[in-house]
Amino acid sequence: MTGTKQSIAVSSVLELHEWIAEVFQRKASSDALEKLYGAFHRDFRMITISGQVWSVDQVRQLFTSRQGARPGLHIGIEDITVIADYGDDIWVRYQENHDEEGMRVVRQSTACIHVTGQGWCWRYLQETPSTLARNAGSSR
């Protein structure tokens with residue numbers, strides 16, 4: 001799958017979350033904030049875990065206002081699966097684990113990633129809270 005649109009979309013999930021963690025962990029987050037700004041399509045929409053619909057501007061504002069607010073945050077991504085391939089739009093599902101101060105918050109997420117050439121941008125994201133949330137030290 002190397003170099004295919006599907007593999008680029010899968011790689012974007014990991015890359016995007018590295019940038020998100022970097023922004024939340026550090027006030028001066030190198031160029032991660034600018035990379036995040038460029039990672040979302042101008043018509044991007046996100047359904048938050050509380051069911052709100054956010055625009056790209058709201059998501060950008062979140063990252064800007066929360067720089068360095070969560071220095072102990074670690075984000076892990078598991079089980080990335082391509083669920084649909086519509087040419088330039090690749091739909092993926094993955095599990096997102098937020099570990100911070102001994103607690104884990106787990107989300108099941110679905111995203112549409114637009115891939116052209118070697119480039120990508122996110123068009124849509126829906127995050128769903130998972131019952132897998134637990135103390136980080138306990139087993140599943």
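Heavy-atom basis, side chains included; hydrogens, waters and symmetry copies ignored.
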Using 30° and 60° as the class boundaries, would you call the ring planes of Phe63 and Phe24 parallel, tilted or perpendicular?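 Aromatic pair Phe63/Phe24 classed tilted.
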
Under the side chain to side chain contact (heavy atoms under 4.5 Å, CB included) criterion, do Leu125 and Ser109 qualify, and how do the steps go? CA-CA 7 Å; Leu125 171 64; Ser109 298; 4.0 Å; yes

Side-chain H-bond candidate by donor/acceptor type, Glu100 with His98, under 3.5 Å: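 No.
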
[atom2] on [Y] to [atom1] on [X], rounded to 0.5 Å:
| X | Y | atom1 | atom2 | answer |
| --- | --- | --- | --- | --- |
| Gln108 | Glu127 | CD | CD | 11.0 Å |
| Glu96 | Asp79 | CD | CG | 13.0 Å |
| Thr4 | Ile90 | OG1 | CD1 | 7.5 Å |
| Asn97 | Ile77 | CG | CD1 | 7.0 Å |
| Leu62 | Asp57 | CG | CG | 12.5 Å |
| Ile49 | Gln126 | CD1 | CD | 12.0 Å |

Hey, are the side chains of [X] and [Y] touching, using non-hydrogen atoms and a 4.5 Å cut-off?
| X | Y | value |
| --- | --- | --- |
| Arg60 | Val56 | yes |
| Arg66 | Val23 | no |
| Ile113 | Val92 | yes |
| Tyr94 | Arg107 | no |

Connected via hydrophobic side-chain network under 4.5 Å: Val13 and Leu73: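 Linked within one cluster.
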
Linked, directly or transitively: Tyr124 and Tyr86 (ILVMFWY side chains, under 4.5 Å):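 Tyr124 clusters together with Tyr86.
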
Partner residues of His114 under the ring pair (Phe, Tyr, Trp, His ring centres under 6.0 Å) criterion, sequence neighbours left out: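 Counting only residues at least two positions away or on another chain, His114 forms no ring pair (Phe, Tyr, Trp, His ring centres under 6.0 Å).
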
Considering residues at least two apart in sequence or located in another chain, which fulfil the side-chain hydrogen bond (donor to acceptor under 3.5 Å, both in side chains) criterion with Trp122?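 Checked Trp122 against side-chain hydrogen bond (donor to acceptor under 3.5 Å, both in side chains); matches are Ser12.
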
Donor-acceptor contacts under 3.5 Å from residues 37-47 side chains, at least two apart:
residue	atom	partner	partner atom	Å
Tyr37	OH	Thr64	OG1	2.1
His41	ND1	Asp43	N	2.9
His41	NE2	Arg123	NH1	3.3

Taking it one step at a time, do Thr110 and Ile83 satisfy side chain to side chain contact (heavy atoms under 4.5 Å, CB included)? CA-CA 9 Å; Thr110 302; Ile83 57 174; 3.9 Å; yes

Does the side chain to side chain contact (heavy atoms under 4.5 Å, CB included) test come out yes or no for Asp88 and Val115, once each step is laid out? CA-CA 5 Å; Asp88 291 341; Val115 180; 5.8 Å; no

Between Ile8 and Gly119, which heavy-atom pair has the shortest distance, and what is it?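 Closest pair (atom of Ile8, atom of Gly119, distance): CG2-O, 4.4 Å.
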
Arg70 atom CZ, neighbour heavy-atom count above 12 within 6.0 Å: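 Count over threshold, so yes.
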
Before giving the answer on side chain to side chain contact (heavy atoms under 4.5 Å, CB included), spell out for His74 and Gln25 the whole-Å C-alpha distance, their side-chain angles and the decisive distance to 0.1 Å. CA-CA 9 Å; His74 297 282; Gln25 292 166 353; 4.2 Å; yes

